[in-house]
Amino acid sequence: MERIYDGGILRDAFVVSSVRSDLKSGVGVGYLGWNKWRRSNVCVDWKEWVDLRLGKKSLVESSKIVWMCRSTELPSSSSNPQANLSKRNNTNARKIGGLNNNRDGNNANRKKVSKVQIDPGKDKLVHRLRELGSELQVGYECQAGLNPLDVWKGAWFSSVLDVISSSDCNDVCAARALRLLVLFSRQSFEAFLMVKRFLEVSEFLLYLEKVSEKHVAKSHHITLASMLHSLGSFECVPTKKTIQLWIARAEEVSFDAQGLVNVIWALGKLKVQPSDGFLMNWYAMFEKRQKFMNAQSLSNVVWAMAKLEITPDPRFLKTWNECFKREAASSSPQGLASTLWALARMNINVKKRLNGFLAAWYSAYQMKHNKFQSQALTNVVYSFGRLEITPSRGFLTLWFKDFERECGDFNSQALSNCLWGFARVNLSLEEISVTFLDKWCASFVEKSNSFNSQALANVLWSFARLSLRPTREFWETWYLAFEREVITFNFQELGNCIWAMGHLEHIPPESFMKCWYYRFSCVEHQADSQALANSIWGLAKLNALPNSTFPLPNQTFFELWYMAAERELRNAAPQSLGIILWAFATLNITPRKSFMDLWYDACDTQTQMMDSQALANVIWAFGKLSVRPREKFILQWMSQFQRELPQTNSETLQMYDATFQKLLNLPTDKQKSTNSKQQQQQQEEEEDEEVESISQSST
């Protein structure tokens, strides 16, 4: 008797060997309790086997020889099971062949049969699961004259629950029951929702936990993979105890190639973090099974790691890259898009760490680009933006053609993401197709009602980053969408909008600014340093435009802005510190002392990371405001200036000369304090003299 696996389910089976010359010698599989044993073209009737065992039919009369063997372990995946079984078949066939009609031999075989222990409870559950599976066959509900949901929503689910709650249910039966739920969920979207609801409200997962406590510690790798893959299919997270037991067992077993993919994919769908021991075992098995990985498997693996936010092992990445280059030509469009998206999500430096990946990916895209749909096209460009990789001209030419073909299916999020991706890689105007822009703007006007606040802000930011000036029709449509979604804008989105308008030198209407200021006052507590810098920079830029009618921000805005800045300024980036001071200088507003104290504190650690542009913004702002910086800051600034001098152009150097001459003529803080004390003392002396003069005159 052997333990074999069929469809992910562990079963007890007999081994059958054919002696007919016209049949292939091999292994047949018979499930206990079934009326037939099956393996491809080899089939033995149950009745024929019984007759043979009882001596009612001789081996000569029988067309096949049936024998039994006992085994406690399956052959390893590295060995050749077919060769091993054939060898054992020949040996046992010779032994049985010598018995012929010898009743002693039959009696000996009958004694071996008596040792086979069949669990009636388990056999009953397996039979019931087969009956439930037959109810999923196409046409069953039509024969019953009922709607599928009417047939299954009561009795069918109750029967599945009876199976999993039975005391005879083991890990194999539980895996089979989960598989039935998966098959049921694939009937329709309504059936999928019904399965999820059933798992949420019933005690199925609690019974699954009890089964896991009893049997998972000895489960086979295929059963483990089948259970988790089924749960991942409808994104149903089991109990914490079940997950712990499953991962503990998974750390010990050796999954096959398909099992490796299924378990990591399921963990990604369930968003369940694996243990370090599991990952070490998984990486080791991947190295051994990598030859059997196809394109879809490779895509699913990195997708799951991206979902789980796992930092891949360097050796794994190297092996995975070699496998991808081998299988790239057979990748599907969805697989190519998912692969690039996953690498972008994990922030993998593709050019440095994955040698030859881009060449293989571009080649596969060129072969499959006609089959790319809107979502895949969006994910590709979005991923290039996340990776900050400028796409090749050949790719852009094909992509723009694909966009023209699929633009009708792009939704609001897809339109926003593809434009954002191009903006992230700083495509030049010459590289962007005019036809693409026309079709994109037409789609935006048509689908503007479905754009949310994030998409609206990203669109405007992308136009500014690409230095594209939108049409009047676009602006009218965008403002209407903004008024509709204004109550959902967060602080970062507000900052990006006003920054983009300043960059595009587009003065918004008064109605927009009223809405903008109102929403700003509502979400001020959400502000971070980058959003604060973007907002005040945009307002300053609009106010500084030639012949600008844009009004200065009101005092309420500055009070709220200072409150947020005093809270977030210590976390500001070097570029943000420079932008903020430049904006105040452009608005001709000297920041309050409490703010400047925090600004100097932040510069203590950030000045050494300022680039040439930030250094220039800071010095220019001090000169414009006629404020001499503190001596400590000047020393820090000079030290960083010497490091950035090679990147500084001649115009900036001339600005430095003029500004420093002006700043050196200004009094220092110490001198200001001394002068202030002298002025105060002189004023007091003058007051005393005046009082004394009045007293003398009165006398």
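Note that the structure is a prediction, hence the values are computed from the model and not measured.
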Test side-chain hydrogen bond (donor to acceptor under 3.5 Å, both in side chains) on Thr435 and Asp438 and set out the steps.
CA-CA 5 Å; Thr435 306; Asp438 293 340; 5.7 Å; no
Given salt bridge (Lys or Arg N to Asp or Glu O under 4.0 Å), test Glu404 with Lys401 step by step and report yes or no.
CA-CA 5 Å; Glu404 293 175 17; Lys401 291 181 180 179; over 6 Å; no
Is there a ring-ring contact (aromatic ring centres under 6.0 Å, His included) between Phe234 and Phe192? Walk through the geometry before answering.
CA-CA 7 Å; Phe234 25 75; Phe192 174 81; 7.1 Å; no
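Within the structure, salt bridge (charged side-chain N to carboxylate O under 4.0 Å, His left out) contacts touching residues 580-607 (residues at least two apart or in different chains) are Glu559-Arg592, Lys593-Asp597, Asp597-Arg630, Asp604-Lys632. Applying the salt bridge (charged side-chain N to carboxylate O under 4.0 Å, His left out) test to every pair with at least one member in residues 640-649, sequence neighbours left out, gives no pairs at all.
Between Tyr600 and Phe633, the ring-plane angle classifies as perpendicular under the 30° and 60° cut-offs. The aromatic rings of Phe489 and Trp478 sit perpendicular, their planes meeting at an angle over 60°, well past the 30° parallel limit. By the 30° and 60° cut-offs, the orientation of the rings of Phe395 relative to Tyr362 is tilted. Ring orientation note: the planes of Phe403 and Phe410 are nearly perpendicular, at an angle over 60° on the 30°/60° scale.
The six-membered or imidazole ring of His369 lies away from that of Trp399, with a centre-to-centre distance of 6.0 Å or more. A ring-centre distance under 6.0 Å is not found for Phe482 and Phe451.
Looking at Val459, Leu437, Thr477, Leu504 one by one, the single match for side chain to side chain contact (heavy atoms under 4.5 Å, CB included) with Pro470 turns out to be Leu504.
Across every non-hydrogen atom of Leu343 and Leu387, the tightest pair is O-CD2, 3.8 Å.
A side-chain donor-acceptor contact under 3.5 Å links Glu493 and Ser453. Side-chain N/O atoms of Gln647 and Ser612 include no donor and acceptor closer than 3.5 Å.
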